[in-house]
Amino acid sequence: MTRYARRGVHGQTVENLARRVLSGEFPEGATLDLVALQRELDVSLTALRESLKVLAAKGMVDARQKRGTFVRARADWNLLDADVLRWRFEGGAGSDADQALLGNLAEVRAIIEPAAARLAAERRTDDDLEVLRTALGAMEQGQGSAVRAVEADLTFHRALLAATHNELLQRMELVLEAGLAHRDRIVHSAPDTDDPVPSHQAVFDAVCAGDPPAAEQAMRALLEQSVRDLYRISGPADAAGPGAPPS
């Protein structure tokens, strides 16, 4: 699904409503008082309804005759939607829910990315290698800047998924990106952050050499280091997942 563009009053209204649903302030099954919300948010009823349409497209709310607009059951929410993931991370930073979500992310990455690295080693093209090489260079140059380090890391992992030449795997970037960016901001904003280049270089070298087992193993090692870095900064709860040091 196309990501929601965060612009203007409309964007602010969407994000306000989304976070209130995700936090449980508007619980599952609750009917929303649109007139009260309109007054509270100081927007037109038309603008409010348009904002709710965005959440309806993500499975979070629905509208029925005689019942009105209500919050759908969590089982109906599109939790893999890139915006929903971003709202969850941005709204729950430092909370138990945030820690559990980071643990879930670590597990998902451990399932997807080693296999993606293996496929990338089998299928990569010269163009794929050039994008990965450029991302590595940006990662090295971006050390000392959390913003540039995060973007370089995201670029590398996007490029690796693209190098699988599997359309469904490529779309997994929408699932991984919000969580990876959140995790990176925590790690790269901390003092004495470990150099991320060697672990990514090892993945690149194996992909470049066309060695699928080595690429898979290098990615597993990278992910284990990723969990250790987060554990070192945030503690065992944030680092829950594969490779987490024992608590």
Side-chain angles (χ1 to χ4, degrees), residues 1-4 78-86 89 101-143 147-185 187-188 194-230 239 241-244:
M1 184 177 292
T2 302
R3 297 187 204 192
Y4 178 69
N78 185 358
L79 295 177
L80 296 182
D81 180 89
D83 289 320
V84 176
L85 283 167
R86 176 174 57 78
F89 277 114
L101 192 55
L102 282 168
N104 289 342
L105 172 68
E107 291 178 348
V108 170
R109 293 186 69 193
I111 292 167
I112 293 171
E113 293 197 86
R118 173 180 280 272
L119 283 178
E122 296 173 354
R123 301 175 179 177
R124 85 290 184 275
T125 65
D126 289 343
D127 287 342
D128 293 325
L129 292 176
E130 184 57 33
V131 176
L132 286 164
R133 186 178 292 110
T134 300
L136 267 177
M139 191 178 298
E140 187 169 6
Q141 295 171 10
Q143 294 189 61
V147 173
R148 286 188 295 168
V150 168
E151 184 53 41
D153 194 26
L154 290 173
T155 299
F156 182 91
H157 288 274
R158 284 192 209 106
L160 188 71
L161 291 173
T164 67
H165 295 276
N166 178 308
E167 287 185 333
L168 296 181
L169 273 175
Q170 289 174 45
R171 298 301 290 174
M172 289 304 297
E173 75 169 81
L174 298 177
V175 176
L176 299 179
E177 185 170 308
L180 181 56
H182 181 69
R183 175 263 171 207
D184 279 353
R185 282 191 291 271
V187 171
H188 293 299
D194 289 340
D195 184 356
V197 174
S199 58
H200 288 76
Q201 182 73 53
V203 174
F204 173 79
D205 289 344
V207 170
C208 187
D211 188 337
E216 180 177 358
Q217 183 56 42
M219 179 54 75
R220 291 192 186 282
L222 184 157
L223 295 176
E224 289 169 1
Q225 181 61 51
S226 173
V227 172
R228 284 195 295 270
D229 288 343
L230 192 59

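Remember, it's a predicted structure, so these values are computed and weren't measured experimentally.
- Heavy atoms only, all atoms of each residue included: Leu174 and Leu85 are closest at O-CD1, 4.0 Å.
- Note: Glu122 CD to Asp211 CG = 10.5 Å, rounded to the nearest 0.5 Å.
- One finds the CG atom of Leu154 at 5.0 Å from the CG atom of Leu180 (value rounded to the nearest 0.5 Å).
- Thr134 is not listed as a side-chain neighbour of Leu136, based on a closest heavy-atom distance of 4.5 Å or more.
- Checking side-chain atoms of Ser226 against main-chain N and O of Leu222 turns up no donor-acceptor pair under 3.5 Å.
- Taking CG of Asn166 as the reference point, atom CZ of Arg171 lies at 12.5 Å (rounded to 0.5 Å).
- Remark: side-chain polar atoms of Arg124 are paired, donor with acceptor, to backbone N or O of Cys208 under 3.5 angstrom.
- For the pair Arg148 and Glu151, the salt-bridge criterion is not met [side-chain N within less than 4.0 Å of a carboxylate O].
- A salt bridge links Arg220 to Glu216: one of the charged nitrogens lies within less than 4.0 Å of a carboxylate oxygen.
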Before you tell me yes or no, could you show the steps for Thr125 and His165 under side chain to side chain contact (heavy atoms under 4.5 Å, CB included), namely the whole-Å CA-CA distance, both residues' side-chain angles and the distance that decides it to 0.1 Å? CA-CA 10 Å; Thr125 65; His165 295 276; 3.8 Å; yes
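- Proximity of Asp128 to Arg123: side-chain heavy atoms (C-beta onward) are nowhere separated by under 4.5 Å.
- Side chains of His157 and Met219 form a contact here, defined as non-hydrogen atoms less than 4.5 Å apart.
- Heavy-atom neighbours of Gln225 CD from other residues, nucleotides or ligands within 6.0 Å: above the threshold of 12.
- Of all the heavy atoms in Thr164 and Ala116, the pair that sits closest is CG2-O, 3.3 Å.
- Considering only heavy atoms from C-beta on, Leu160 stays 4.5 Å or farther from Phe204 through its side chain.
- Considering every non-hydrogen atom in both Ala121 and Ala206, the closest pair reads CB-O, 4.2 Å.
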